[in-house]
Amino acid sequence: MARKTAKKAPVIMKCENMFCAGCGHSIFDRILGEVLTEMNIIQDTIICSDIGCNHQFQYSMAVDVVMPPHGKMGAALTAMKRVRPNKYCLTIAGDGGAYAIGLGETMSAATRDENVTFFVMNNTCYGMTGGQLAPTTQIGQWSSSTPRGRSIEEHGRDFDVVKVMKNLDIAYLARTTITSPSEIDKTKKAVRKALEKQRDGKGFSLVEVLVPCPTNWGMSPVKAMEHIKNELVPRYEMGEIIDK
Ligand SMILES: Cc1ncc(C[n+]2csc(CCOP(=O)(O)OP(=O)(O)O)c2C)c(N)n1
Ligand code: SF4
């Protein structure tokens, strides 16, 4: 009987990644690398990097990168796409960068329906700076700046950007996760679809991916995946939300 071997990494992945063990960013980068390879668009892609753990894709992916100040991907992508309309202009961002520090730029790009693509890794905290409270941190969730957990009285409610964005006139909006092979498959399909919308000039696309940050959540990689399945997925609208 033929032995099953691990699927070879796409050529765009030039070396091992530098993320913590079990980090969701590494899984997403592999998914994106496969999609760019399968669509044969690596040479036609410019990734707008944010500041945050997410930025480490640059070290393991052979792709052109622009890095604006933290959170300014909406503005930078707008400029990139207008100057280079034939390029796929996309960002891999964190929830802190896209939904807090850069919320204005993200929403402005969406309300203008710019023909650009956001991939937002939502790990419900500021990962790179030590796991502080972010707008996405859930009520009751521990963070390094809210050691008793987020409370509505002390820290206010959490903010679901997808819930707001679904009322906008944009081309594609989806929320997925990576907790199992079938969820990874759904994420991959959403990534491809978002890029196809950009290829076809349909307008703004955003895929939010619920990803684990085992290090700042203080959990093992396995427990962090269970946390997404049991605590995050039930609170969020999942799947394709806008598909024009
Ligand atoms: C304008 C600005 N504010 C704050 C920071 C500090 N800072 C750098 S990364 C980061 C958190 C990033 O969190 P997120 O965007 O969720 O990405 P993750 O690290 O979780 O991938 C912060 C607050 C900064 N570099 N610039
Ligand atoms: S701190 Fe969290 S987000 Fe950053 S690399 Fe480690 S697991 Fe990933």
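No experiment lies behind these values; they were computed from the predicted model shown. Both counts, for ligands and for their atoms, begin at 1 and track the order of listing.
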Just by distance, do the side chain of Asp113 and the backbone of Phe204 share a donor-acceptor pair under 3.5 Å?
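Yes: the side chain of Asp113 pairs with the backbone of Phe204.
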
Does an N or O from [X], backbone or side chain, lie closer than 3.5 Å to an N or O of ligand 1?
X: Asn54; answer: yes
X: Gly52; answer: no
X: Tyr126; answer: no
X: Ile101; answer: no

Proximity flag His25 to ligand 2, non-hydrogen atoms under 4.0 Å
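His25: in contact with ligand 2 (<4.0 Å).
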
Do Ile228 and Val233 touch side chain to side chain, with heavy atoms closer than 4.5 Å?
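Yes, their side chains come closer than 4.5 Å.
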
Near Pro214, which atoms of ligand 2 are under 4.0 Å from a heavy atom of that residue?
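That gives atoms 7 (S) of ligand 2.
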
Mark up the atoms of ligand 2 that fall under 4.0 Å of a heavy atom belonging to Asn123, in ascending order.
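Atoms satisfying the 4.0 Å criterion: 3 (S).
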
Residue selection (non-hydrogen contact nearest [atom]) among [options]:
atom: atom 18 (P) of ligand 1; options: Cys53, Ala100, Cys23, Ala93; value: Cys53
atom: atom 26 (N) of ligand 1; options: His55, His70, Gln56; value: His70
atom: atom 2 (Fe) of ligand 2; options: Cys213, Pro221, Gly131; value: Cys213

Tell me the protein heavy atom at minimum distance from [atom], and give that distance in Å.
atom: atom 8 (Fe) of ligand 2; value: Cys23 SG, 2.3 Å
atom: atom 15 (O) of ligand 1; value: Gly97 N, 2.7 Å
atom: atom 4 (Fe) of ligand 2; value: Cys53 SG, 2.3 Å
atom: atom 1 (S) of ligand 2; value: Asn216 ND2, 3.6 Å
atom: atom 9 (S) of ligand 1; value: Met128 CE, 3.6 Å
atom: atom 7 (N) of ligand 1; value: Thr129 CG2, 3.6 Å

Within the 4.0 Å heavy-atom shell around [X], which atoms of ligand 1 are there?
X: Gly96; answer: 14 (P), 15 (O), 16 (O)
X: Asn123; answer: 20 (O)
X: Asp95; answer: 16 (O)
X: His25; answer: 21 (O)

If we set the cut-off at 4.0 Å for heavy atoms, which region of Asn54 has an atom near ligand 2: side chain, backbone, both, or neither?
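For Asn54, there is no contact with ligand 2 at all, from either part.
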
Sole candidate of Val209, Ile31, Leu206, Leu32 that passes side-chain contact (heavy atoms from CB on, under 4.5 Å) when paired with Phe119
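Per the side-chain contact (heavy atoms from CB on, under 4.5 Å) rule, the option paired with Phe119 is Leu32, out of Val209, Ile31, Leu206, Leu32.
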
Which is it for Cys125 and ligand 1 at heavy atoms under 4.0 Å: side chain, backbone, both or neither?
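It is the backbone that touches ligand 1; the side chain stays farther off.
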
Would you mind telling me if ligand 1 is within reach of the side chain of Gln132, the backbone, both or neither, using heavy atoms under 4.0 Å?
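It is neither part, as no heavy atom is under 4.0 Å.
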
Once rounded to the nearest 0.5 Å, what's the spacing between atom CZ of Arg192 and atom CG of Leu36?
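That separation rounds to 10.5 Å.
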
Report whether any nitrogen, oxygen or sulfur of Cys20 sits less than 2.8 Å from atom 6 (Fe) of ligand 2 (N, O or S, backbone or side chain).
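So Cys20 does bind atom 6 (Fe) of ligand 2 by this criterion.
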
